[in-house]
Amino acid sequence: MTPEAMAALHANCFITPRPWSATEFEALANDPLCFSVIESHGFLIGRAVVGEAEILTLAVDVAARRQGIGARLVQGFLTEARTRDATTAFLEVAANNLAAISLYFWAGFAESGRRKRYYARPGGTPVDALVLSRAL
């Protein structure tokens, strides 16, 4: 999937946090600490550094949701994180993104923190970020 395609899909999936640009996706693709897990209707970008792996973003086409794509992307992330010698995985997710939270709990993540008013929303009240983590 090209950086442009990633940016287009990301823009269709996110308002909060803001969608990322093709330039940002290209920079992540060139970062040796980052990796992508890609399906035909979705992608996940992760990063592994000194024993920790982070899900930076996950996007699944709205028309292809509830078909297991997100679960496969997360499982792919966990597998790749282990190959990069990570022992812990974590992510941040908007506290009001119940579908994503459910997916991450299903994958074994648990809440380990909360960042109050972390995500700005256009014309609205900021949303807390949940920090979720799990051992690998």
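Start at 1 with the first residue, then count along the sequence. Values reported hereafter were calculated over all heavy atoms of this structure, with side chains retained and with hydrogens, waters and symmetry mates removed.
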dist R134:CZ -> T87:OG1 (nearest 0.5 Å) comes out at 11.5 Å
Notebook entry, point to check: Do F77 and L91 belong together in a cluster built from hydrophobic side chains that touch within less than 4.5 Å?
Noted result: yes
Distance col, row S36:OG vs L44:CG, nearest 0.5 angstrom, shows 8.0 Å
Can you check whether F109 and F90 have ring centres sitting under 6.0 Å from each other?
-> no
Closest heavy-atom pair, D128 versus R117, reported as atoms and distance to 0.1 Å, is OD1-N, 2.8 Å
Item to check | Side chain to side chain, T57 and H10, heavy atoms closer than 4.5 Å | outcome: yes
Show the numbers, then the answer: is there a side chain to side chain contact (heavy atoms under 4.5 Å, CB included) between C13 and R65? CA-CA 11 Å; C13 294; R65 291 185 181 166; 3.4 Å; yes
- Message: Under the criterion side chain to side chain contact (heavy atoms under 4.5 Å, CB included), I'd like the reasoning laid out for K116 against R114: C-alpha separation, chi angles, the key distance, then a yes or no.
- Response: CA-CA 6 Å; K116 295 284 188 184; R114 181 181 287 257; 3.9 Å; yes
Please report whether the ring centroid of F43 lies less than 6.0 Å from that of F25.
yes
Legend entry - side chain to side chain donor-acceptor pair (under 3.5 Å) evaluation trace for E26 with T23: CA-CA 5 Å; E26 188 170 350; T23 302; 5.7 Å; no
Correct closest heavy-atom pair for S133 and S112 would be OG-OG, 3.2 Å
Output for pair (H41 NE2, L9 CG), nearest 0.5 Å, gives 10.0 Å
(Q) Using only atom types and a distance under 3.5 Å, with no angle test, would you say the side chain of T79 pairs donor to acceptor with the backbone of Q75? (A) yes
Starting from I45, can I reach I38 by hopping between I/L/V/M/F/W/Y residues whose side chains sit under 4.5 Å apart? yes
Between the CD atom in Q67 and the CD atom in E39, the distance rounded to the nearest 0.5 Å is 10.5 Å
- Message: Grouping I, L, V, M, F, W and Y whenever their side-chain heavy atoms are under 4.5 Å apart, do M6 and L33 come out in a common cluster?
- Response: no
Fill in: Same cluster (ILVMFWY, side-chain, under 4.5 Å), I55 and L130
yes
A side-chain contact here means heavy atoms from C-beta on lying under 4.5 Å apart; do E111 and V131 qualify? no
| said: Applying a strict under-4.5 Å side-chain criterion to I, L, V, M, F, W and Y, I'd like to know whether V93 and W20 cluster together. | reply: no
In terms of heavy-atom contacts, V127 and A94 come closest through CG1-CB, 4.1 Å
In this structure, CD of E52 is separated from CG of D85 (nearest 0.5 Å) by 13.5 Å
Fill in: Donor-acceptor pair, side chain of E24 and main chain of S21, under 3.5 angstrom
yes
Residues V74 and A107: closest non-hydrogen pair is CG1-CB, 3.6 Å
Worksheet item: Do the non-hydrogen side-chain atoms of Y119 and N96 ever get within less than 4.5 Å of each other?
Response: no
Tightest non-hydrogen contact, residues F35 and A48, listed as CE2-N, 4.1 Å
Here the gap from L78 atom CG to T83 atom OG1, rounded to the nearest 0.5 Å, amounts to 11.0 Å
For N12 and V62 the tightest heavy-atom approach is O-CG2, 4.1 Å
